[in-house]
Amino acid sequence: MYKLKKMLVLVGLMGAGKTSVGKKLAETLQVGFLDADHEIELAAGMSISEIFDKFGEEYFREGEKKVIKRLVKQEPQIIATGGGAFLSQEIQETISRCGVSIWIKADLETLWNRVSGNQNRPLLNNSNPKLTLRHLVDERYPIYQQADIIVESTSNVSHTLMVTKIIRELQKKNIVQQKPYC
């Protein structure tokens, strides 16, 4: 049994495992799990692909800021963000004030194996999605590097091991405590 002191916000590229690891982490810590992209879809009444198609990325990013600002004010739990959220200085500052950012870092091949063929990735719906993913790695990794905690994910690492790695880092920073059983 654990006591979580701050909101945990998972950041990283699509395919890193933010949602799947986030759900397992929430289950282990016995707290709630929120997927920012899902919350954006609920607020907009349409899918992220539809938002991108109808209104463009800039409109989506503004909605994303509003949703994340609302989510981080809730009781400590796990939030999985979309891959571009942490690029916003405003979102980084909001996360820093209200929680802890955790970058789930994966190499290009791991990411590609997880996302190739998925049509629900608007940024990859082009003639060379792997090259686009490479550009996203090059562009975003220096920004993700600013996260409070960084954990490596590879294609053969289990969700359980990822959760163990994250909890170990959280305990080092005194963000989560193990409660004694009574």
Side-chain angles (χ1 to χ4, degrees), residues 2-44 48 51 57 60-107 110-111 114-115 120-123 136-137 139-153 157 159-178:
Y2 296 92
K3 177 172 177 22
L4 183 59
K5 296 181 178 182
K6 291 184 173 186
M7 186 69 77
L8 304 181
V9 183
L10 305 179
V11 301
L13 270 178
M14 61 186 93
K18 299 178 303 283
T19 299
S20 56
V21 171
K23 287 177 179 177
K24 182 74 173 168
L25 181 60
E27 178 186 311
T28 302
L29 296 176
Q30 297 180 335
V31 297
F33 172 80
L34 297 164
D35 184 293
D37 283 350
H38 178 70
E39 295 294 324
I40 292 164
E41 290 176 336
L42 287 176
I48 289 173
I51 297 169
E57 185 175 0
F60 169 78
R61 296 293 173 206
E62 286 305 311
E64 182 176 55
K65 285 179 196 174
K66 291 176 188 171
V67 167
I68 290 174
K69 284 180 178 181
R70 175 177 52 85
L71 296 179
V72 296
K73 292 177 183 173
Q74 297 182 25
E75 66 184 41
Q77 55 190 310
I78 314 303
I79 300 174
T81 62
F86 201 67
L87 304 181
S88 161
Q89 186 67 37
E90 190 176 342
I91 289 176
Q92 285 181 37
E93 290 167 4
T94 299
I95 293 169
S96 182
R97 276 192 311 275
C98 303
V100 175
S101 54
I102 302 169
W103 175 22
I104 299 181
K105 181 180 181 182
D107 63 51
T110 298
L111 296 171
R114 294 175 181 170
V115 301
N120 294 327
R121 308 287 186 175
L123 295 177
L136 291 172
V137 166
E139 170 191 313
R140 295 179 178 185
Y141 277 27
I143 297 167
Y144 294 152
Q145 188 72 38
Q146 299 171 45
D148 299 312
I149 293 171
I150 300 170
V151 290
E152 297 270 344
S153 175
V157 69
H159 292 140
T160 302
L161 181 56
M162 287 298 295
V163 166
T164 301
K165 288 176 162 184
I166 292 169
I167 290 174
R168 189 176 309 124
E169 293 301 316
L170 293 170
Q171 287 174 323
K172 285 181 192 174
K173 295 181 180 281
N174 199 29
I175 295 162
V176 68
Q177 291 178 317
Q178 195 157 8

Rounded distance [0.5 Å steps], [atom1] in [X] versus [atom2] in [Y]:
X     : Y     : atom1 : atom2 : value
Ile78 : Leu34 : CD1   : CG    : 9.5 Å
Gln77 : Leu29 : CD    : CG    : 11.5 Å
Asp37 : Ile48 : CG    : CD1   : 3.0 Å

Write down the atom of [X], the atom of [Y], and the distance for their closest heavy-atom approach.
X      : Y      : value
Val151 : Met162 : CG2-CE, 3.7 Å
Val11  : Ala147 : CG2-CB, 4.4 Å
Arg114 : Ser153 : NH2-OG, 3.2 Å
Gly17  : Ile104 : O-CD1, 4.0 Å

Assess whether side chain to side chain contact (heavy atoms under 4.5 Å, CB included) is satisfied between Val72 and Ile79, documenting all intermediate values. CA-CA 8 Å; Val72 296; Ile79 300 174; 3.9 Å; yes
Extract all donor-acceptor atom pairs below 3.5 Å that involve side chains of residues 168-175 and protein atoms in other chains or at least two apart in sequence.
{"unit_1": "Glu169", "atom_1": "OE2", "unit_2": "Lys172", "atom_2": "NZ", "d": "3.1"}
{"unit_1": "Asn174", "atom_1": "OD1", "unit_2": "Lys5", "atom_2": "NZ", "d": "3.4"}

State, yes or no, whether a side-chain contact exists between [X] and [Y] at a heavy-atom distance under 4.5 Å.
X      : Y      : answer
Phe86  : Gln92  : yes
Val21  : Ile166 : yes
Leu25  : Ile167 : yes
Met14  : Leu111 : no
Glu139 : Leu87  : yes

Aromatic plane relationship, Trp103 with Tyr141 - under 30° parallel, 30 to 60° tilted, over 60° perpendicular: perpendicular
Could you list all the side-chain hydrogen bond (donor to acceptor under 3.5 Å, both in side chains) pairs where at least one residue sits in residues 17-32, not counting sequence neighbours? Thr19-Asp35, Ser20-His159
Check whether any side-chain N or O of [X] sits under 3.5 Å from a backbone N or O of [Y] as a donor-acceptor pair, and report yes or no.
X      : Y      : result
Lys105 : Ile150 : no
Arg140 : Gly83  : yes
Tyr144 : Val137 : no

Please list every donor-acceptor pair under 3.5 Å in which a side-chain atom of residues 95-102 meets a protein atom from a residue at least two apart or in another chain.
{"unit_1": "Arg97", "atom_1": "NH2", "unit_2": "Thr94", "atom_2": "OG1", "d": "3.4"}
{"unit_1": "Ser101", "atom_1": "OG", "unit_2": "Asp148", "atom_2": "N", "d": "2.9"}
{"unit_1": "Ser101", "atom_1": "OG", "unit_2": "Asp148", "atom_2": "OD2", "d": "3.2"}

The side chain to side chain contact (heavy atoms under 4.5 Å, CB included) partners of Leu42 (sequence neighbours excluded) come to His38, Glu39
Apply salt bridge (Lys or Arg N to Asp or Glu O under 4.0 Å) to Lys66 and list each qualifying residue two or more places apart in sequence or on a separate chain. none
Filter on salt bridge (charged side-chain N to carboxylate O under 4.0 Å, His left out), then keep only pairs touching residues 80-96, sequence neighbours left out; what's left? Lys65-Glu90, Lys69-Glu90
